[in-house]
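This report concerns only the one structure given below.
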Amino acid sequence: MRTAAASSKGASTREAILARSYALACVHGLEGLTIGTVAEQVGMSKSGVFAHFGSREELQLATLDLGGERFVQSVLVPSLKEQRGLARLRAIFANWAEWVRHEDDGGCLFLAAAAEYDDRPGAVRDRLLRQEAEWRDQLALAVRLAMDSGELDAATEPEQFAFEMYALALVIHHHAGLTGYTDARARGVRSFERLIRSYAPSP
């Protein structure tokens with residue numbers, strides 16, 4: 001019983017550390033994370049944080065993984081309730097735009113990481129690239145399902161559609177901080193509908 005309780009407490013402590021680490025990374029980027037800074041924020045010693053994450057890099061990787069899990073749970077999972085096809089694609093895009101609204105106060109961890117590690121080889125960049133590839137695969141799959149349902153042209157290139165969809169989401173991110181979220185989202189949704197129309201089945 002004591003072992004189980006200790007294990008549960010350890011897991012809770014790790015989750016608390018990661019939650020704070022994620023919040024800090026959204027503001028300062030993954031490069032802004034240090035064992036000392038996170039320890040101070042959660043009221044622990046450096047050795048206490050180090051016991052859960054053996055290095056700064058391991059903390060960064062775990063933080064990136066948490067961000068990926070939160071993104072998938074917020075954007076992809078709810079959309080799976082929608083019917084396969086354009087309804088699901090629209091849900092993905094709407095949830096993605098909503099993610100931008102929630103991330104607007106602190107900034108997007110993934111956009112910051114892309115800028116930080118675009119030319120910096122290593123484990124963090126590799127993890128980020130893997131997450132990006134997995135997300136593009138999910139988008140392409142949703143596009144293929146819309147093609148199978150006959151709602152998108154059979155000649156549609158799923159990867160290209162996913163690329164353009166991704167580009168629109170990035171524009172919402174960019175302009176949300178410049179022109180305001182409401183305007184950025186409205187323009188993004190209009191552009192997405194135009195994108196869908198451009199891939200409509202041929203008469």
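If you're wondering where the values come from, they're calculated on a predicted model, not measured in any experiment. Position 1 is the first residue of the sequence, and the numbers go up from there.
A salt bridge links Glu98 with Arg101: the distance from a Lys NZ or Arg NE/NH1/NH2 to an Asp or Glu carboxylate oxygen falls below 4.0 Å. Using a 4.0 Å cut-off between charged side-chain N and carboxylate O, Glu31 and Arg120 make a salt bridge. Ion pairing between a basic and an acidic side chain is recognised when a charged N comes within 4.0 Å of a carboxylate O; Lys46 and Glu40 show no such pairing.
Atoms CG and OH, on Leu64 and Tyr117 in that order, are 8.5 Å from each other to the nearest 0.5 Å. Separating the CG atom in Leu195 from the CG atom in Leu168 is a distance of 6.0 Å, to the nearest 0.5 Å. In this structure, the separation between NE2 on His28 and OG1 on Thr34 is 10.0 Å, given to the nearest 0.5 Å.
The neighbour count for Arg125 CZ, taken as heavy atoms of other residues, nucleotides or ligands under 6.0 Å away, is above 12. Atom CZ of Arg84 has 12 or fewer neighbouring heavy atoms from other residues, nucleotides or ligands inside a 6.0 Å radius.
Smallest separation of non-hydrogen atoms from Leu33 and Arg56: O-NE, 2.6 Å.
Hydrophobic clustering (side-chain heavy atoms under 4.5 Å, transitive across Ile, Leu, Val, Met, Phe, Trp, Tyr) keeps Leu89 apart from Leu145.
For the residue pair Ser55 / Glu57, no side-chain donor-acceptor distance below 3.5 Å is found, with atom types taken as modelled. With 3.5 Å as the limit, one finds no donor-acceptor pair spanning the side chains of Ser79 and Asn95.
A heavy-atom distance below 4.5 Å is found between the side chains of Arg70 and Tyr22. When side chains are defined from C-beta on, Ile196 counts as touching Arg90, because their heavy atoms get closer than 4.5 Å. A 4.5 Å side-chain heavy-atom check between Leu128 and Val124 finds every atom pair outside the cut-off.
The ring pair (Phe, Tyr, Trp, His ring centres under 6.0 Å) search around Phe53 returns none, not counting sequence neighbours. For the ring pair (Phe, Tyr, Trp, His ring centres under 6.0 Å) test, no residue two or more places apart in sequence or in another chain qualifies with Phe50.
Geometrically, Arg185 does not engage Tyr181 in a cation-pi contact defined by less than 6.0 Å to the ring centre and at most 45° from the axis.
Applying the side chain to side chain donor-acceptor pair (under 3.5 Å) test to residues at least two apart or on different chains, the pairs with a partner in residues 155-164 are Arg144-Glu159, Gln160-Glu164, Glu164-Tyr199.
Aromatic rings from Trp96 and Tyr166 are positioned such that their centres are separated by under 6.0 Å.
For the side chain to side chain contact (heavy atoms under 4.5 Å, CB included) with Leu111, the lone residue among His174, Glu116, His173 that qualifies is His173.
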